[in-house]
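Accompanying notes for the structure given below.
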Amino acid sequence: MTVRQNLTMIAPVKARTLYHELLGHDGPHEAAVDHWLGRAGAPAYRERLRTAAVHATAWWADEPPDGPTLVEELYALGRVADVLLLDPRFPCYLPLFTALGMTPFDGVAPFDPFLHEIAEVEQAEDPRAPIEVLEVRHPGLMLGELLFARAAVRIRAGSAHAERGVADRFPLYWTFRRADRTTHDLSHGWGSNSQWRTDFRLDYRTPEGDHLNVAEDGSVDGRPELGHYKDLAPEERLLTPAERRELLRNRCLLRTPRATADLAASPGWEDDLFPFAWRLPAGEA
């Protein structure tokens with residue numbers, strides 16, 4: 001029975017169930033994915049996912065406090081995607097998520113931090129050379145206007161725009177797992193049940209513009225109207241406003257931060273960064 005045929009059957013189950021099933025399989029994941037989809041009950045499950053597909057209403061604010069909420073279910077699906085992407089053949093990645101109503105994209109050019117996750121940097125001789133996408137390692141996914149997963153890309157760029165060893169090695173935030181890179185995720189360090197209360201980061205691309213991390217209410221600049229950077233930790237205050245915006249848009253830094261010497265006084269400062277509540281100021285995309 002195919003993935004799409006299985007979508008017509010039975011009742012919905014949690015994505016975390018599929019995640020655990022994938023971890024329990026050493027071989028190909030096709031059977032586990034088909035088995036989960038066979039129990040997922042496509043119409044009801046996909047209808048629930050479509051609630052998140054449009055930015056027009058703040059649907060996440062109206063969710064019941066006792067979960068799992070839709071943002072938590074999206075987070076669990078993101079964990080599933082991370083596991084499936086560990087297989088370089090990606091045999092289940094697109095069949096699963098397109099069956100759930102998502103649309104793949106490769107976005108070969110031009111580079112767009114909303115759509116692209118930098119997996120590898122080829123350093124151009126000219127430091128001013130703009131970022132150029134050379135290869136798409138795996139496609140991204142959109143759920144309507146909602147970004148579900150960025151496309152992984154290999155790029156060429158001058159060091160003024162993206163540095164090899166930083167843009168492709170600095171920790172990725174809002175990310176649970178990558179095969180060859182440190183990641184930081186709000187679920188890390190929590191117990192077997194508590195970790196699944198993590199919310200998915202909600203980024204929307206609409207005709208009016210991009211909207212990043214919309215379910216949060218922090219500021220990438222802290223609270224400067226109060227005369228100080230309330231809500232920003234010391235390491236975050238050492239990043240320039242442009243660097244903090246770079247991190248929010250790219251989910252990592254692309255270049256060595258200006259305050260490298262001061263940051264070096266706090267070993268592991270990257271692990272202490274907490275950008276998860278950051279939002280851009282109103283009107284800034």
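Not measured: the values here are computed from a predicted model.
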**Q.** Smallest separation among heavy atoms of P281 and D221, with atom names
**A.** CG-OD2, 4.1 Å
(Q) Could you check whether Y75 and S187, counting side-chain N and O atoms only, form a donor-acceptor pair closer than 3.5 Å? (A) yes
Q: Give a yes or no on whether the backbone of A259 and the side-chain of D262 come within a donor-acceptor separation of less than 3.5 Å.
A: no
**Q.** Any donor-acceptor pair under 3.5 Å from R164 side chain to V121 backbone
**A.** yes
Q: Check R150, R251, R249 against D203 for a salt bridge (charged side-chain N to carboxylate O under 4.0 Å, His left out) and give me the one that passes.
A: R251
**Q.** Over 12 non-hydrogen atoms of neighbours within 6.0 angstrom of CD in E284
**A.** yes
Q.
Check this for me, if you would: do R154 and E122 make a salt bridge, where the nitrogen-to-carboxylate-oxygen distance has to be below 4.0 angstrom?
A. yes
(Q) How long is the straight-line distance from CG of L84 back to OH of Y93, given to the nearest 0.5 Å? (A) 9.0 Å
Q | Side chain E47, main chain A44, donor-acceptor under 3.5 Å | A | no
Q. How close do A151 and V136 get, heavy atom to heavy atom, and via which atoms?
A. CB-CG1, 4.3 Å
Q: Find out whether T98 and T103 are in side-chain contact, i.e. whether some heavy atom of one side chain is under 4.5 Å from a heavy atom of the other.
A: no
Q: Determine the minimum heavy-atom distance between N213 and P275, stating which atoms define it.
A: ND2-O, 4.4 Å
**Q.** Euclidean distance, R244 CZ relative to L232 CG, rounded to 0.5 Å
**A.** 5.5 Å
**Q.** Donor-acceptor contact below 3.5 Å, side chain R279 vs main chain L212
**A.** yes
Q. A277: what forms a side chain to side chain contact (heavy atoms under 4.5 Å, CB included) with it, not counting sequence neighbours?
A. E216
(Q) Nearest 0.5 Å, please: how far is CG in L172 from CG in N250? (A) 9.5 Å
Q | Cluster link V214 to V54, ILVMFWY, side chain under 4.5 Å | A | no
**Q.** Summary of side-chain hydrogen bond (donor to acceptor under 3.5 Å, both in side chains) pairs that have at least one residue in residues 264-273, sequence neighbours excluded
**A.** H184-D271
Q. Can you name the ring-ring contact (aromatic ring centres under 6.0 Å, His included) partners of F276, sequence neighbours left out?
A. W174, F274
Q: Find out whether L94 and L141 are in side-chain contact, i.e. whether some heavy atom of one side chain is under 4.5 Å from a heavy atom of the other.
A: yes
Q. Ion pair present between E132 and R156, side-chain N to carboxylate O less than 4.0 angstrom?
A. yes
**Q.** Ring centers of H55, Y204 separated by less than 6.0 Å
**A.** yes
(Q) Using a 3.5 Å distance criterion without hydrogens, assess whether the side chain of R255 forms a donor-acceptor pair with backbone atoms of V166. (A) no
Q | Donor-acceptor contact present, side-chain S194 to main-chain W190, <3.5 Å | A | no
**Q.** Verdict with supporting geometry, L100 and L143, side chain to side chain contact (heavy atoms under 4.5 Å, CB included)
**A.** CA-CA 9 Å; L100 294 177; L143 177 63; over 6 Å; no
**Q.** Test log, rule side chain to side chain contact (heavy atoms under 4.5 Å, CB included), inputs L49 and L77
**A.** CA-CA 11 Å; L49 291 182; L77 282 172; 3.8 Å; yes
Q. Roughly how far, to the nearest 0.5 Å, is the CZ atom of R50 from the CG atom of L70?
A. 12.0 Å
Q.
For L247 and L273: C-alpha separation, side-chain torsions, deciding distance, then whether side chain to side chain contact (heavy atoms under 4.5 Å, CB included) applies.
A. CA-CA 10 Å; L247 193 153; L273 288 180; 3.9 Å; yes
**Q.** Nearest non-hydrogen partners of A167 and C252, listed with the distance
**A.** O-SG, 3.9 Å
Q) Measuring from Q123:CD to E125:CD, what's the distance to the nearest 0.5 Å? A) 10.5 Å
(Q) Strictly distance-based, threshold 3.5 Å: is any side-chain N or O of R181 a donor or acceptor partner for the main-chain N or O of F170? (A) yes
(Q) Hydrogens and angles aside, do Q195 and R79 bring a side-chain donor and acceptor to less than 3.5 Å of each other? (A) yes
Q) Between H35 and E21, is a side chain to side chain contact (heavy atoms under 4.5 Å, CB included) present by the stated rule, with each step listed? A) CA-CA 10 Å; H35 183 236; E21 288 179 358; 4.0 Å; yes
Q. Can a cation-pi geometry be assigned to R245 and W278, taking NZ or CZ under 6.0 Å from the six-membered ring centre and within 45° of the ring axis?
A. no
(Q) I'd like to check L86 versus R177 (side-chain heavy atoms, cut-off strictly below 4.5 Å). Are they in contact? (A) yes
Q.
Could you tell me if the side chain of F176 sits less than 4.5 Å from the side chain of Y19, heavy atoms only?
A. yes
Q | Non-hydrogen side-chain atoms of H138 and D106 separated by less than 4.5 Å | A | no
Q. Does the side chain of E72 pick up a donor-acceptor pair with the side chain of T198 at under 3.5 Å?
A. no
Q | Test: R137 and E135 ion pair at under 4.0 Å | A | yes
Q. Relative to the ring of W196, is the ring of H20 parallel (under 30°), tilted (30 to 60°) or perpendicular (over 60°)?
A. perpendicular
Q | Intermediate values then yes/no, salt bridge (charged side-chain N to carboxylate O under 4.0 Å, His left out), R16 and E73 | A | CA-CA 8 Å; R16 63 183 283 189; E73 185 66 13; over 6 Å; no
Q: Give the minimum heavy-atom separation between A52 and W59, together with the two atoms involved.
A: CB-CZ2, 3.4 Å
Q | Shortest non-hydrogen contact from A129 toward H161 | A | O-CD2, 3.1 Å
(Q) Tell me whether the rings of F97 and F148 are parallel (<30°), tilted (30 to 60°) or perpendicular (>60°). (A) tilted
Q | Spacing of CG belonging to L253 relative to CG belonging to L239, to within rounding of 0.5 Å | A | 6.0 Å
Q.
Quick one, L254 and P113 - any side-chain contact, counting heavy atoms below 4.5 Å?
A. no
(Q) Less than 4.5 Å apart, side chain to side chain, heavy atoms only: is that true for P257 and L263? (A) yes
Q) How about P95 and V33: do any of their side-chain heavy atoms sit closer than 4.5 Å? A) no
Q.
For R178, is there an ion pair with E117 - N to carboxylate O distance below 4.0 angstrom?
A. yes
